[in-house]
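Taking it in order: structure first as structure tokens, then the write-up.
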Amino acid sequence: DIIFFWVARMIMMTMHFMKDENGKPEVPFKTVYVTGLIRDEAGDKMSKSKGNVLDPIDLIDGIGLDDLLAKRCGNMMQPKLAEKIGKRTKKEFANGIEAYGTDALRFTLAALASTGRDINWDMKRLEGYRNFCNKIWNASRYVMMNTVGEAALEAAAGGKVTITPAMLVDCGANGEAVELSMADKWIISRLQQVITTVRGHFDQYRFDLASQALYEFIWNEYCGWYLELSKPILTDDVSTVEAKRGTRRTLVQVLEATLRLAHPLIPFITEEIWQQIKDLAGYGAAGLTESDAAESIMMAAYPEADDSQINPAAESDIDWLKGVIVSVRNIRGEMNIPPSKQLPVFFVNGSNSDKQRLEANRQYLAALASLESITWLNEGDEAPMAATQLVGEMEVLVPLAGLIDKDAESARLNKEIDKIKKDMGRVEGKLNNPKFVDKAPAEVVQKEKDKLADMSSAVGKLEEQLEKLATL
């Protein structure tokens, strides 16, 4: 509440006492960033008399229940409130507060710092961002196991040896020939876009949006998809030496750039990991920074986007691949089919583009969706009775024989049909509204008509599946 006056006093005192050689007052701050007031989870102002104060050191290092009670209930101006505060504390923190670490606390504060509002503290968010930091650590372990080697990595972790360049697996850091997979091109493209996004948010002091962009990229794209997509390349006997080298190089260089990008928000874990991988990434030699031998990530250049590496085609292909994999996984979940059971999958009503993508991605599909066979059905081929998911116009079919609970699949199809019909009613309402049709741009009206036609087609296909199911 008083920070504005505190800053104003510093500015006025500095300008009064500090003058340059010409007697002109010196201005101490060009920009001042002030967060909202941090309140407790209920939105109440933190106060010792209320017993709801959270010490940042306790969130970082952890504190036992007895020590927490002593801190909250001791030396109170109103001792009669101690019993009430003690009961509340025991209810909220029955086992005290576990250690979450500095980086998790910093990232949580950044993520909650929306412009123009106070911050209601949320322990669940702190726990989630602690898990996020662990995710980064585990991802770095995977990268190093595939670029340093597991034995050397474990020895270094035990303090037995220092990782030297001689231990490094070939990552193409010195300009060796590489072959980039579609997944490599995709993650490199996405990296350029997230760099632009994060830098833009930092320029606008939107630390909440910057942290959200970093979280989405690291958790969902790099860890959630790219690390999984790298495994078939690195583990099979089909991929070339250049392809394996290209994937290893991409793994480590994208991780290195991401660590520099996230460093202002989570400085300790990024420094620790960066020191172990900077040589793997070809730091200096690969032109990643202006310095050839930076002693700290703090001395390294902040990442800048390279628009020439943005690859819309690779992004579109990976979106298609993700759609197919998610479709198969959804069917598994709905049918209670274990992930370990390999499935036959059929593709129906796909375009030539779908067929080309299928042929290019058989390796990924078989590994990530756990498929025993992949069959493309041409026009006129009879499709088996199957659970269906749509990827655009293409149908992804998993045969039901021996797998299906008929009643459950009927319920699922009916639920999907009802959902689409509800959306159709909304669109039809728009198109039947003269005000919308007359005033909206022609392209907007046409877009709604196309959307209605697509939904009608989807309903027809699902109803056809429902009819087939009835005869099963």
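Numbers for residues simply follow the sequence, beginning at 1. None of the values given here were measured: they were computed from a predicted structure.
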Check [X] against [Y] and note the closest heavy-atom contact, atom names and distance.
X: Ser340; Y: Ser370; value: O-OG, 4.1 Å
X: Ile374; Y: Ala366; value: CD1-N, 4.5 Å
X: Cys73; Y: Ala82; value: SG-O, 3.6 Å
X: Asn120; Y: Gly43; value: OD1-CA, 3.5 Å

Between Lys87 and Glu83, does a salt bridge (charged side-chain N to carboxylate O under 4.0 Å, His left out) hold up when you go through it step by step?
CA-CA 6 Å; Lys87 288 182 179 179; Glu83 183 179 353; 3.8 Å; yes
Rounded to the nearest 0.5 Å, what's the gap from OG on Ser308 to CD on Gln192? Could you check?
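That separation rounds to 7.5 Å.
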Hey, does the Lys NZ or Arg CZ of Lys231 hover above the aromatic six-ring of Tyr142, less than 6.0 Å from the centre and inside 45° of the axis?
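So Lys231 does make the cation-pi contact.
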As a quick check of understanding, evaluate side chain to side chain contact (heavy atoms under 4.5 Å, CB included) for Phe4 and Val34, giving each step before the final call.
CA-CA 8 Å; Phe4 167 80; Val34 181; over 6 Å; no
List the steps, then state whether side chain to side chain contact (heavy atoms under 4.5 Å, CB included) holds for Leu229 with Leu321.
CA-CA 10 Å; Leu229 290 168; Leu321 176 64; 3.7 Å; yes
For [X], does the [atom1] atom have more than 12 heavy-atom neighbours from other residues, nucleotides or ligands under 6.0 Å away?
X: Met13; atom1: CE; result: no
X: Glu372; atom1: CD; result: yes
X: Phe268; atom1: CZ; result: no
X: Lys415; atom1: NZ; result: no
X: Met298; atom1: CE; result: no
X: Asn95; atom1: CG; result: no

Side chain to side chain contact (heavy atoms under 4.5 Å, CB included) with Lys45: of Val53, Asn52, Leu37, only one passes, and it is Leu37
side-chain hydrogen bond (donor to acceptor under 3.5 Å, both in side chains) assessment of Asp317 paired with Trp186:
CA-CA 9 Å; Asp317 286 345; Trp186 166 72; over 6 Å; no
Stepwise, does the side chain to side chain contact (heavy atoms under 4.5 Å, CB included) test hold for Ile195 with Leu261?
CA-CA 7 Å; Ile195 288 173; Leu261 193 64; 4.1 Å; yes
Assess whether side-chain hydrogen bond (donor to acceptor under 3.5 Å, both in side chains) is satisfied between Thr89 and Arg72, documenting all intermediate values.
CA-CA 8 Å; Thr89 301; Arg72 284 189 161 190; 3.2 Å; yes
Just checking, is any N or O donor in the side chain of [X] or [Y] under 3.5 Å from an acceptor N or O on the other one?
X: Gln389; Y: Glu395; answer: no
X: Thr240; Y: Glu179; answer: yes
X: Asp319; Y: Ser316; answer: no
X: Trp225; Y: Asn220; answer: no

Please answer whether the main-chain N or O of [Y] pairs with a side-chain N or O of [X] as donor and acceptor at a distance below 3.5 Å.
X: Ser189; Y: Asn311; result: yes
X: Asp354; Y: Ser351; result: yes
X: Asp103; Y: Ile269; result: yes

Contact list for residues 189-210, test salt bridge (charged side-chain N to carboxylate O under 4.0 Å, His left out), sequence neighbours left out
Arg190-Glu221, Arg206-Asp208
For a ring pair (Phe, Tyr, Trp, His ring centres under 6.0 Å) with Phe132, tell me which candidate from Trp137, Tyr222, Tyr215, Phe217 qualifies.
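With Phe132 as partner, ring pair (Phe, Tyr, Trp, His ring centres under 6.0 Å) holds for just one option, Tyr215.
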Apply salt bridge (charged side-chain N to carboxylate O under 4.0 Å, His left out) to the pair Arg88 and Glu92, showing each step before the final yes or no.
CA-CA 6 Å; Arg88 176 181 172 182; Glu92 290 182 357; 3.1 Å; yes
Before you tell me yes or no, could you show the steps for Ser296 and Glu271 under side-chain hydrogen bond (donor to acceptor under 3.5 Å, both in side chains), namely the whole-Å CA-CA distance, both residues' side-chain angles and the distance that decides it to 0.1 Å?
CA-CA 7 Å; Ser296 167; Glu271 178 77 67; 2.6 Å; yes
Evaluation steps, side-chain hydrogen bond (donor to acceptor under 3.5 Å, both in side chains), between Asp184 and Ser181:
CA-CA 5 Å; Asp184 297 333; Ser181 69; 3.1 Å; yes
Residue pair Lys355, Glu359: steps toward the salt bridge (charged side-chain N to carboxylate O under 4.0 Å, His left out) verdict:
CA-CA 6 Å; Lys355 188 173 184 179; Glu359 294 303 323; over 6 Å; no
Taking the six-membered ring for Trp and the single ring otherwise, decide whether the centroids of Tyr129 and Tyr100 are under 6.0 Å apart.
no
Working note: Asp44 + Arg39, criterion side chain to side chain contact (heavy atoms under 4.5 Å, CB included); need CA distance, chi angles, decisive distance, verdict.
CA-CA 5 Å; Asp44 294 328; Arg39 299 176 177 270; 5.8 Å; no
